[in-house]
Structures are given as C-alpha cells and as structure tokens.
Amino acid sequence: MSADWIFHSGRIFDGQQVHPTATAVAVTDGRITAVGTDAQVREAAGTSAETVNLAGRLLTPGFTDAHVHAVYGGVERRGCDLSDSSGLDAVLTCIDAYAALKPESWITGGGWHKADFPGGYPTRELLDKIVPDRPVYLINADHHSAWVNTRALELAGVDAATPDPADGWIERGTDGFPTGTLHEGAMDLVNKFLPPLTDEDLCGGLLEAQRYLHSVGVTGWQEAILGSYAGYPDASSAYRTLAGRGLLTGRATGALWVPRSTTSDNIAELVTDFEERRRANSAGGFVTTSAKIMVDGVPENRTAAMLDPYLRPCRCGNPDGRDGRADSTGHAVADQDADGNDRGLLYLPKEVLTQTAVALDAAGFDLHLHVIGDRAVRDGLDAVEHARRSNPRTRGRHHMAHLQIIHPQDIARFAALDVTVNAQALWACNDDQMLQLTVPLIGQERAAWQYPFGSLLAAGATMAMGSDWPVSTPDPWQAIHVAVNRTYPAYPEAPPLLPEQAISLQTALSSYTAGSAWLNRNDDGGAVSVGKAADLVVLNADPFRLDPGELHTVGTDFTMVAGVPVYTGQPQEAKA
C-alpha cells in the first residue's frame, strides 16, 4: 500500500530518545506506518503522494502543552495586546495606538509585565493621560492582576470605601483610594461591567490561538481553566462549536474550574455539575477529564501561599510600614499568622481543598493543581495523599502546575504519590521579575528552592511541560532552552538560576511530547512509532547537534495532526 507521506533523510526523536538508526517515517491514513532507515521505509511504504526531505533536520512527535489558556491568549491577541511591549514607554505607546484605532466604549486586552513598572504595579494616572474618557481594563501577563483607569473605577463604583474581597485586594494609596491595580478576586469588582464576550469572540479567539499554537509545533493542549475567571466565561462552548464544524484541528482537552467559593456544603453539587459538563463536552467532541484547583496565587503580589512569612512587610511605602487586608490604611495581605505576618493566600481552606480533591478523584477527574508557594505545594500534596488513600482504584493522572517554591522535605513526595510535575520551565531563570520583585520578598534561602526540576526527577517524579500562555510564550523551545540552561538570552548578564537543577535536552523534549500527551490522556500520541497517530513536527534544525546556548533558536518548519498538515512554514507572527 502506498503511503500518504514519507519523511526522509533526517533524524527521528521518538518521544523518548533520538532513534539510534531511523532516518525516515511513513504516514498512511493519519497513522505512522513505518519507521526506519530511508531504504527500509521506502520498501515498507512504497511510493507516496507527498515526500518531505528532512535534510538533516529532526522530526519529533507533536508538542502537547499541558497548561495553557488558549482562548484567553487568542482573544487578547485580537484586543489591546501588550505581550510584545517591553518597558513602560513601549507599553503606553501600544495602548495609545490601540485606543486611537478602536472607538469602543471599553479598552480591553492584556499582557503587561510587572517588571515594567516601578514597584511592580502600574497606576490609573498612567492610563488617564492616554484614555481619560473611556474605561480601560488590561489584565497582566500572569492573569493575577488587572490595570484599570479612573473611569473604569468610577463606572464600577470602586473607591476608598470599597472593601477588599476575601480572595484578593485593591492596591491603594495612603488615602485608601485605589491606585489602579486590582489583585486576584478584586479584578471582579470591575470586570463584571465589561461588555460580555460573545460566542463569536470566543470562537475567533480559539481559532487564532490554534493557528498560533500549530505554528510553534503544538498539536495538543490542555485548556487550564474552563469556567468564569478574570472576566472570561467558560469557553467549553467554543470548543464544542469548532469541533462540530470540523475546525478543531488540535487535540485539545480541558480542566473544569473549581470556584474559589467552594465550601464543604457545596462539594457534592460541584461534582454533579462537573459530571454533567464532562458528558456534554464529550458528546460535543471535547474531552474534559481534569479539574482545575487554584490553590494559591503568585509571589510578586504576595498571594503565593508560604510556610513562612514574606520578608517585606509593606508594598506601598507607608511610613508606618503596615500592610494588612482591611486594616485602617486600606492595604492588603492575604493571610496572617498569629504574629500578624503575611504568608500569602490559600483560596480554599485546607479541609475544603482536601474534601474537594477526594470527591473529584472519586468521580474520575484528574486533579490539575495550581501551586506556587511552598505551603500550597505541601497542602496540595496532602490533598492528593488523602485522595489516593480514599480512592485506591481511581489512579487519576494528578498533576501540579508551576511549582515555583518547593520545600526540600516535599521533593520525594511527588514520586511517592504519583503526582506529575507540570512544569512551566521558561520561568526558571533570573529575569527582571525574579531579581527585582520575587527574591526580595522570599529571601535567598527560599530562592534556592525554586523550580527544582533536577531534584524532582532524581527522586523519581514524572514530568510534563506547558507554557501557561498567554502568561508566557507558547513556543516550546524557549522553555526547553531554560530547562537545559537555567538562563535566557534576553538576560545575558544574569547568572543561571540554580544550574544544578538543569535537565537534559532529551528529558525536556520527552516531557514536552510524550509526558504531556500522557498527562492529557492522549495515549495515541506523543510518540513516533508504528501504529501511533501521525502528530508530527519538523524542526528547522537538529537541536541535539546545537550548542545548548542556541536551543532558543530552534523553530518549526512543518506541523501535522492526524496525517494532515496544519502548519507548513509560512512566516508567522511570533509573540513573546
């Protein structure tokens, strides 16, 4: 039988290693039908309708992004997109240009980075100078804070008398009036007044995201929040719509969002709702077997949950040095110990987190936990341990995303509890945010516990990888570069972040292909072997023959899903 495609004259990464002898692959009817030398594949596959000369390049399984916000990223690329803007002047210029072109009542979008602003947070006055008469709502790159102007605060009725919500806070001046940055749940004070996103908006964002992801070699992904969050609605309908129209080319799955309002009293109702939504999505061609629990926040705004207090007691420069949620100064912290020290936020009380994990695991959901601080990691592991003991037969593919700060005593628990490390490796470097905002808050001892990938793997943990786009670029090779080098070219003067925690190129590439496909329950993907789905990527080079410092230059020339090309190398706009 004649093959549909033959790739030849290159090298093959099979999902675990560079194949010792293979130089060619044949594809027939969407599946891999031969792997071997050029002669072997020609003999097995006969002629082909399409032939791709790899010319020494590497062929790999398609990348699977184990943690991405594809719809958010696509929608924001179509709005006021600040993700490419670096520095305060560039950010303001981008907003000014967008506002001049868009006469809508609201200016929305996002992608700004904390390191571009003094102290990490922008003010409403900066926006007021550009857009004084229309409300502006711009979510930051990590989606844990939003930047608003005075008009947006006025429309929302937010002023000095507005209390902080239980799951967030308002940055305030010494007079208690909002300065223009809203953290976590405080974003909802304004975003509930945004023009609602339509089905057309969501579908358009998903199509744009899919196009972009395919252009960087991503053939599958996990949508990390399906629910109401930060002004976005549940995007499940967009996935079902595109799947029904035959337009969903990526192998997408999703994680249903566990609201921060979950209590012991409504867990049973939550599980019932999740089961119904799982059935509806599956019937619509969109598999949603994961449950997303955001255990804590991020350290830069002091919402990452820490075992010990943050080092700096005040963000706003108050002369009295006080900083506490709902105190008389209007400043905010998430949680205080008995001595009044700030230790960050846990969005669910530990007992509710544990009960929720046990119930969702019993219902057959894979737990997808956002954990950043060492206390969040420990509480998350405790919750999974309870689930494993309570439901010994479920064997959910539970995983923890981000994993920035891990107490050394918890490293071995990942393998013991079969918890997969869902790594966003691009962050494991000394960039401006790390050096200027994070380390001063957590101190040198805890800074040495960050992103300990090497230690986790040495202790027997399994690894998958994702980007968290639009928080950071979805290009896998930027993250792989950092995983291998613990540095990033944009910061040439910065020392490596804990170079002893670096991992090999082989491990990083396997994690981003086979590891993430397994995590997504795509057992038919993540490998170049006979019988597997033909989800394949042709790189523009063989990274195993490059200097490690050049890994960030690797790109995608060709992407295929189920034997069908979805990206063929036309120039694409690459956004960081």
Side-chain angles (χ1 to χ4, degrees), residues 76 79-83 85-165 167-195 230-231 297-298 300-303 314-318 323 325-327 329-333 433 437:
E76 288 171 19
C80 183
D81 183 7
L82 303 174
S83 59
S85 301
S86 179
L88 176 58
D89 290 343
V91 169
L92 296 177
T93 298
C94 183
I95 297 169
D96 191 21
Y98 182 86
L101 292 173
K102 301 291 182 178
E104 296 97 335
S105 59
W106 280 82
I107 300 295
T108 61
W112 57 272
H113 297 273
K114 298 185 183 89
D116 287 333
F117 300 92
Y121 300 110
T123 64
R124 56 189 169 85
E125 287 85 1
L126 290 171
L127 288 176
D128 292 346
K129 292 177 182 178
I130 301 171
V131 189
D133 56 343
R134 287 182 285 160
V136 181
Y137 177 90
L138 299 169
I139 198 165
N140 81 320
D142 64 27
H143 284 220
H144 289 270
S145 303
W147 179 19
V148 296
N149 68 348
T150 300
R151 183 61 181 143
L153 293 170
E154 290 172 348
L155 286 176
V158 177
D159 57 23
T162 304
D164 292 318
D167 60 345
W169 63 78
I170 304 165
E171 284 287 333
R172 303 178 191 264
T174 55
D175 59 356
F177 198 87
T179 60
T181 303
L182 310 173
H183 299 296
E184 306 292 353
M187 294 187 287
D188 296 339
L189 297 172
V190 172
N191 64 41
K192 63 184 177 182
F193 294 95
L194 296 175
V298 294
E300 298 81 28
N301 68 4
R302 307 163 67 91
T303 55
C314 185
R315 298 185 311 276
C316 303
N318 261 12
D323 189 13
R325 180 166 61 196
D327 68 11
T329 69
H331 301 148
V333 298
Q433 181 164 298
L437 300 177

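As a basis for the values below, the full set of heavy atoms in this structure was taken, side chains included, without hydrogen atoms, waters or symmetry mates. For the single chain, residues carry numbers from 1 onward in sequence order.
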L189 and I170: side-chain contact (heavy atoms from CB on, under 4.5 Å), yes or no, with the steps?
CA-CA 10 Å; L189 297 172; I170 304 165; 3.8 Å; yes

Please step through side-chain contact (heavy atoms from CB on, under 4.5 Å) for the pair W106 and F193, ending with a clear verdict.
CA-CA 10 Å; W106 280 82; F193 294 95; 4.0 Å; yes

Check step by step if side-chain contact (heavy atoms from CB on, under 4.5 Å) holds for K129 and L92.
CA-CA 10 Å; K129 292 177 182 178; L92 296 177; over 6 Å; no

CA sep, side-chain torsions, deciding dist, call: L88, L126, side-chain contact (heavy atoms from CB on, under 4.5 Å):
CA-CA 10 Å; L88 176 58; L126 290 171; 4.0 Å; yes

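Closest approach of G185 and P165 over heavy atoms only: C-CG, 3.7 Å. The shortest heavy-atom contact between G168 and D164 is O-CB, 3.7 Å. When all heavy atoms of S85 and A90 are compared, the closest pair comes out as OG-O, 3.8 Å. Between F177 and R124, the closest heavy-atom pair is CD2-NH2, 3.4 Å. Residues V190 and Y137 come closest through the heavy atom pair CG1-CD1, 3.8 Å. A pairwise comparison of heavy atoms in A160 and P178 identifies N-CD, 3.9 Å as the closest pair.
The side-chain heavy atoms of L127 and R151, taken from C-beta on, include no pair separated by under 4.5 Å. In this structure, the side chains of L138 and W112 come closer than 4.5 Å at one or more pairs of heavy atoms. The shortest side-chain heavy-atom distance between D167 and E184 does not fall under the 4.5 Å cut-off. Between H183 and E171, some side-chain heavy-atom pair lies under the 4.5 Å cut-off. The shortest distance between side-chain heavy atoms of P135 and V148 does not fall below 4.5 Å.
With sequence neighbours left out, D96 forms a side chain to side chain donor-acceptor pair (under 3.5 Å) with no residue at all.
In this structure, the side chain of N149 engages the main chain of V131 through a donor-acceptor pair within 3.5 Å. Judged by distance alone, the side chain of Y121 and the main-chain N or O of N301 form a donor-acceptor pair under 3.5 Å.
Considering CH2 of W147 and OG1 of T123, their distance stands at 7.5 Å, rounded to 0.5 Å. Here the OG1 atom belonging to T150 is positioned 6.0 Å from the CD atom belonging to E125, to the nearest 0.5 angstrom. Note that the CZ atom of R172 and the OG1 atom of T179 stand 9.5 Å from one another [nearest 0.5 Å]. To the nearest 0.5 Å, atom OG1 of residue T181 and atom NZ of residue K114 are 10.0 Å apart. Between R134 atom CZ and K102 atom NZ the span is 11.0 Å, to the nearest 0.5 Å. With rounding to the nearest 0.5 Å, the separation of OG1 in T303 from NE2 in H144 is 6.5 Å.
Tested against D116 for a side-chain contact (heavy atoms from CB on, under 4.5 Å), the candidates D89, L82, V91 yield a single pass: V91.
No side-chain donor from either of S145 and N140 sits under 3.5 Å from a side-chain acceptor of the other.
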